[in-house]
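Remarks on the structure that follows.
Numbers here are sequence positions counted from 1.
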Amino acid sequence: MSMRGVYTRVVEIRQKIFTEVARMAYEGGDYAGTLVDLPYKIIPGEVATYRESVFLERAIVEERLRLAMGLPLRDMTKHVLVSEGVEDCAVAEKYYDPPLLNIIKVACSACPENEVRVSDACQGCLAHPCTEVCPKDAITMVQGRSRIDPGKCIQCGRCANTCPYGAIVKLERPCAKACGVDAISSDELGRADIDHDKCVSCGMCMVSCPFGAIADKGEIFQTINAIKSGVPVYAAVAPAFVGQFGKELTSEKMRAAFRELGFADVVEVAVGADLCTIEEAQDFLKEVPDKQPFMATSCCPAWYSMVQKCFPKLAPYISMALTPMVLTGRLIKKKYPGCKVVFIGPCSAKKLEASRKEIRSDIDFVLTFEEVRGMFKAKNVDFAALEPGEELSASSADGRGFAVSGGVAQAVVNCIKKLQPSREVKVAHAEGLDQCRQLMKDAGKGIYDGYLLEGMACPGGCVGGAGIMQSPTKSKGQVMLSMKKASCKNALDSDYREILPELEEKDLTVPSQG
């Protein structure tokens, strides 16, 4: 079961952290002193609310505060002040050091990695089919109830599947189960550990941990410092934004809302998605099948990283098109030289993409919807009181469709159909890294020769990303509605099409990807 879109206590704590970091940045002053006091503001009193100890709660909050400001976790075996390094990160520049995703060890519950247990629902039935199907004779009947010998059990799950009462459960560590690249194991104390050589920063482990032990680093603090510096800062908002901040913040109020935060203006990243669509359509027509057997879309950075790490021989078949985020950033900076651009979306992996040396100058900061919500709370923005203006409507319906699984490929197909009506394009797409890996395994066997492949690391696509604020199902419906309202259908009808060559020709030695 997914916790996405459910307002849990973990989400509540995250929101408090983001709000207080944003408030601290807006108000300025003695950052070190404020940071020392914040755990007592967030966790007041003497009685624990979330865990067994108020002191443990505050220790975890301290680590969360540091990560939200882009600071590293502290070595828990040494005495290090929570404010260590804070003055260095109080800048208006990007402040991000890997790793992006971090496990706060004192918050980890050391969940069972893989264990089969008999619950109290066991009725001690006469048939006891669990004992009959077990291939290792690991189940016996003791005092009329099933008992599993963990030394013999191989966690095959046959007993769980055959029990008529559903009394046998297979426990898996939620973060590891959610990880599609097998990057999570256990440390010497049984706590979760991330192998950053395998990790692609999709953030699914973070949103799946019911103890809130995994957190990513943020740039709220640096973004607000950039806003306060007087340099114009533009918000580039991903297509999945629709409804993320509640029904009161409509598309017509987006500009007014972001200006309350100090942004100069808001631009739809779906405009960049239109330009990306045109690039990928042209790539496909030029390359497939004459120069390469198939082509994969390039828009999801976690999907791209997964292909690079797990299928390096197939990585050249990913389109070299610049991503919507990068194209939108270049578009804004071409129009407003000297400005800064903040990508705002549902994705943790975009933070990693923006940190790549070849595109650092295109995107200055990346924030998730969840982090921006903390900024709105810090500034007490009342959405209901905002005056509506013109809708963000520069993009096509296909550009907005990038937010949902299958949308990128469909946009490219629609573009190809307009360029070459007679060209038949076969498509396969996958969502979730498990499915994406299988897609690439099959592609490596030649099953998808001639195809356009789309991979989305998050189930449901970007609407299921790690930084969303509502359920992916609800988000998908609202994105579909926004697609119907778009002024045009096809990416080729974009008003910005003619400047695409200029955006592509920026002086870069390495084409950006992901």
Side-chain angles (χ1 to χ4, degrees), residues 14-39 41-42 61-73 81-98 100 102 215-237 257-267 325 329 332-333 336-345 348 350-355 359-381 467:
R14 285 172 66 86
Q15 273 299 291
K16 286 180 179 179
I17 298 289
F18 297 145
T19 301
E20 292 304 331
V21 168
R23 184 175 286 125
M24 176 170 57
Y26 276 120
E27 292 178 356
D30 177 13
Y31 292 132
T34 303
L35 193 55
V36 169
D37 291 336
L38 277 182
K41 180 180 180 181
I42 295 168
V61 162
E62 286 179 350
E63 297 307 307
R64 283 194 160 279
L65 285 165
R66 288 181 60 82
L67 291 173
M69 294 175 70
L71 291 166
L73 292 174
L81 293 175
V82 65
S83 56
E84 179 73 28
V86 69
E87 296 303 333
D88 294 332
C89 81
V91 293
E93 304 299 326
K94 185 186 295 292
Y95 189 89
Y96 169 76
D97 293 313
L100 173 63
N102 299 262
D216 58 349
K217 287 178 179 167
E219 294 174 334
I220 305 173
F221 200 65
Q222 292 73 29
T223 297
I224 295 170
N225 271 286
I227 289 170
K228 288 167 64 179
S229 74
V231 175
V233 181
Y234 287 81
V237 186
F258 277 86
R259 282 175 179 151
E260 289 284 315
L261 298 180
F263 288 96
D265 202 358
V266 181
V267 178
M325 177 180 80
I332 295 170
K333 291 199 171 187
Y336 306 105
C339 74
K340 289 187 182 293
V341 178
V342 183
F343 174 83
I344 296 168
S348 284
K350 283 291 181 186
K351 296 180 180 182
L352 207 61
E353 180 188 347
S355 291
I359 57 171
R360 279 178 188 163
S361 60
D362 300 312
I363 298 294
D364 297 281
F365 307 106
V366 173
L367 299 176
T368 64
F369 296 136
E370 191 180 15
E371 289 169 331
V372 172
R373 189 176 187 179
M375 293 172 68
F376 281 130
K377 286 189 174 183
K379 291 290 279 185
N380 297 311
V381 179

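Across every non-hydrogen atom of G85 and L71, the tightest pair is O-CD2, 3.5 Å. Taking all atoms of both residues into account, the shortest heavy-atom contact from L367 to M375 is CD1-SD, 3.7 Å. Among all heavy-atom pairs drawn from K340 and F365, the shortest one is CD-CE1, 4.1 Å. Contact record, D362 with V341: O-CB, 4.0 Å, taken as the closest heavy-atom pair. Across every non-hydrogen atom of L81 and R66, the tightest pair is O-NH1, 3.9 Å. Shortest non-hydrogen contact noted between V231 and G338 is CG1-O, 3.4 Å.
Using modelled atom types, no side-chain atom of R373 and backbone atom of Q15 make a donor-acceptor pair closer than 3.5 Å. Looking only at distances, a side-chain donor or acceptor of K333 sits under 3.5 Å from a matching main-chain atom of S361. Looking at N102, its side chain does come within 3.5 Å of a backbone N or O of L100 through a donor-acceptor pair.
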May I have the step-by-step check of side-chain contact (heavy atoms from CB on, under 4.5 Å) for V237 and V267, ending in yes or no?
-> CA-CA 6 Å; V237 186; V267 178; over 6 Å; no

Let me see the working for K351 and E371 under salt bridge (charged side-chain N to carboxylate O under 4.0 Å, His left out), right down to the final yes or no.
-> CA-CA 13 Å; K351 296 180 180 182; E371 289 169 331; 2.9 Å; yes

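A distance of 11.0 Å separates NZ in K379 from CZ in R23, rounded to the nearest 0.5 Å. Here the CZ-CE distance, from F221 to M69, works out to 3.5 Å after rounding to the nearest 0.5 Å. Note that OG of S348 is 9.0 Å distant from CD of E370, once rounded to the nearest 0.5 Å. Atom CZ in R14 sits 5.5 Å away from atom CG in D216 (nearest 0.5 Å). The line from CD of E27 to CD of E20 is 8.5 Å long, rounded to the nearest 0.5 Å. Distance CD1/I220 to CZ/F18: 5.5 Å, rounded to 0.5 Å.
Y26 does not carry K228 over the face of its six-membered ring by the limits of under 6.0 Å from the centre and within 45° of the normal.
Side-chain atoms of I17 and V61, non-hydrogen and from C-beta on, do get closer than 4.5 Å to each other. Contact annotation: the side chain of I332 approaches that of C339 to within less than 4.5 Å [non-hydrogen atoms, C-beta and beyond]. Side chains of T223 and I227 form a contact here, defined as non-hydrogen atoms less than 4.5 Å apart. Inter-residue side-chain proximity for V342 and V366 is flagged as unmet; no heavy-atom pair is nearer than 4.5 Å. Considering only heavy atoms from C-beta on, V82 stays 4.5 Å or farther from L38 through its side chain.
When the ring pair (Phe, Tyr, Trp, His ring centres under 6.0 Å) test is applied to Y234, the partners found at least two apart in sequence or on another chain are Y336. Under the ring pair (Phe, Tyr, Trp, His ring centres under 6.0 Å) criterion, F376 pairs with F245, F258, F383, not counting sequence neighbours.
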